[in-house]
Student: 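Quick one: this structure, given as structure tokens, is what I'll be asking you about.
The structure presented is a predicted model; accordingly, all values stated were derived computationally and were not measured. Because only heavy atoms are used, hydrogens play no part in the values below, and waters and symmetry mates are left out as well, while side chains stay in.
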Amino acid sequence: GRVVSGTVWHEDPNATRLFFAPTARSLPAGRGYVSVYELFMPFVAVGVHDRITLAAGTPLVFSSQESERLLWFAPKVQLFRHQNAAAAVGVLHFWLAGHQSYCRPEDPYCQDDPAHNGVAYGVLTLGSEDEAVTLGGGAAYSGFALAEDPLVFMAGGEVRTSKGLKLITENYLFPGGSFFILSGGLRFFGEKLTADLGLFAPLWQGMDTFVALPLVNFVYNW
């Protein structure tokens with residue numbers, strides 16, 4: 001941290017993420033966090049190298065199929081970093097463990113494997129930990145092939161307004177379906193714990209009613 005007007009301002013301990021999307025910042029080796037997104041999506045992340053972060057989780061809500069269990073894995077590799085710029089690539093992969101799938105890469109008629117889906121992405125963060133913009137783009141896949149409308153783009157930002165408060169925004173564009181997700185809110189943080197409170201709104205072409213849904217995240221860092 002640093003001293004501002006005689007008071008210690010700790011760094012944002014969850015600077016590697018906005019609300020959910022990753023920034024291009026990386027966890028230092030040996031550091032990690034436990035998080036819960038929207039109260040039922042937990043993640044555990046560890047910096048195995050100063051530029052490599054591994055994360056995984058499983059929902060707190062169980063599947064109706066006792067033999068199936070949804071898991072997710074989120075490795076991220078930082079390719080470049082400077083004082084006010086960083087770039088990274090990663091994958092958010094969902095695996096339905098226990099699902100009976102017989103797809104093989106060589107079978108052209110069985111590429112849409114519901115047991116394996118995800119997004120491969122690249123992300124760029126420009127600015128300091130107090131004020132920054134994060135831009136990203138990715139391609140969704142299903143099984144061994146790209147999804148029907150695979151592209152997704154993300155634009156987000158963060159502005160620190162006081163010792164333990166940030167303004168956060170995270171927004172998505174899915175051009176294939178003319179679909180948007182807009183979000184904004186607050187991050188409260190101390191030395192190790194952060195709490196995000198905000199709203200997100202899905203928008204699509206031809207929608208009749210605007211709906212804003214709550215966004216609640218908690219993250220503990222070590």
Side-chain angles (χ1 to χ4, degrees), residues 14-27 29 32-33 35 37-38 41-59 68-82 85-97 99 101 103-126 132-158 169-183 200 202 204 217 219:
N14 195 29
T16 59
R17 284 192 177 273
L18 297 173
F19 286 134
F20 181 75
T23 66
R25 304 179 185 116
S26 184
L27 284 172
Y33 63 79
S35 60
Y37 299 101
E38 289 294 64
M41 293 180 61
F43 262 81
V44 177
V46 177
V48 298
H49 184 276
D50 284 346
R51 293 180 181 264
I52 301 174
T53 301
L54 299 181
T58 186
E68 297 181 351
R69 182 66 177 166
L70 181 63
L71 306 171
W72 46 75
F73 306 94
K76 183 176 74 173
V77 178
Q78 189 181 65
L79 303 178
F80 165 82
R81 67 180 172 201
H82 191 261
V89 294
V91 174
L92 176 58
H93 181 80
F94 296 93
W95 173 38
L96 191 59
H99 179 78
S101 175
C103 286
R104 297 293 181 269
E106 64 273 11
D107 184 352
Y109 301 104
C110 191
Q111 291 187 333
D112 188 15
D113 183 357
H116 295 276
N117 298 274
V119 178
Y121 67 86
V123 66
L124 174 69
T125 297
L126 303 172
V133 172
T134 297
L135 304 173
Y141 59 87
S142 178
F144 305 103
L146 289 176
E148 183 177 351
D149 294 310
L151 296 182
V152 55
F153 299 99
M154 189 278 297
E158 56 197 295
T169 183
E170 180 179 320
N171 310 285
Y172 294 88
L173 166 64
F174 301 83
S178 299
F179 182 65
F180 303 84
I181 297 177
L182 307 180
S183 72
F200 71 94
W204 61 91
N217 303 327
V219 182

Student: Step by step, work out the side chain to side chain contact (heavy atoms under 4.5 Å, CB included) result for Arg69 and Thr58.
Tutor: CA-CA 8 Å; Arg69 182 66 177 166; Thr58 186; 2.9 Å; yes
Student: With a 4.5 Å cut-off on side-chain heavy atoms, are Thr16 and Leu27 touching?
Tutor: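 Leu27 vs Thr16: side chains touch.
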Student: Name the orientation class of the two ring planes belonging to Phe94 and Trp72 (parallel below 30°, tilted from 30 to 60°, perpendicular beyond 60°).
Tutor: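 Perpendicular: the ring planes of Phe94 and Trp72 meet at over 60°.
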Student: Apply the test side chain to side chain contact (heavy atoms under 4.5 Å, CB included) to residues Phe153 and Tyr172: give CA-CA distance (whole Å), side-chain angles for both, the deciding distance (0.1 Å), then the verdict.
Tutor: CA-CA 6 Å; Phe153 299 99; Tyr172 294 88; over 6 Å; no
Student: Got a donor-acceptor contact below 3.5 angstrom from the Ser26 side chain to the Asp50 backbone?
Tutor: yes
Student: I'd like to know if the side chain of Lys76 and the backbone of Arg25 have a donor-acceptor N/O pair within less than 3.5 Å.
Tutor: yes
Student: Answer whether the closest heavy-atom distance between the side chains of Tyr121 and Met154 falls below 4.5 Å.
Tutor: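 No. Closest side-chain heavy atoms not under 4.5 Å.
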Student: List for me each residue that meets ring-ring contact (aromatic ring centres under 6.0 Å, His included) alongside Phe179, sequence neighbours excluded, and say none if there are none.
Tutor: Phe174
Student: State which residues pass salt bridge (Lys or Arg N to Asp or Glu O under 4.0 Å) with Glu170; sequence neighbours excluded, sorted by chain then number.
Tutor: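 For Glu170 there are no salt bridge (Lys or Arg N to Asp or Glu O under 4.0 Å) partners, ignoring immediate neighbours.
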Student: Below 4.5 Å, heavy atoms only, C-beta onward: do Val152 and Leu173 meet side chain to side chain?
Tutor: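 No, their side chains stay 4.5 Å or more apart.
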Student: Taking ring-ring contact (aromatic ring centres under 6.0 Å, His included) as the definition, give me every residue that meets it alongside Tyr37, ordered by chain and number, with sequence neighbours left out.
Tutor: Phe20, Phe43
Student: How about His93 and Tyr141: are their ring centres within less than 6.0 Å of each other?
Tutor: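 Close enough - the centres of the two rings lie under 6.0 Å apart.
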Student: Say whether Thr125 and Thr134, considering side chains only, have a donor N or O and an acceptor N or O under 3.5 Å apart.
Tutor: yes
Student: Between Leu18 and Thr23, is any pair of side-chain heavy atoms under 4.5 Å apart?
Tutor: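 The answer is yes, as the side chains (C-beta and beyond) meet within the 4.5 Å cut-off.
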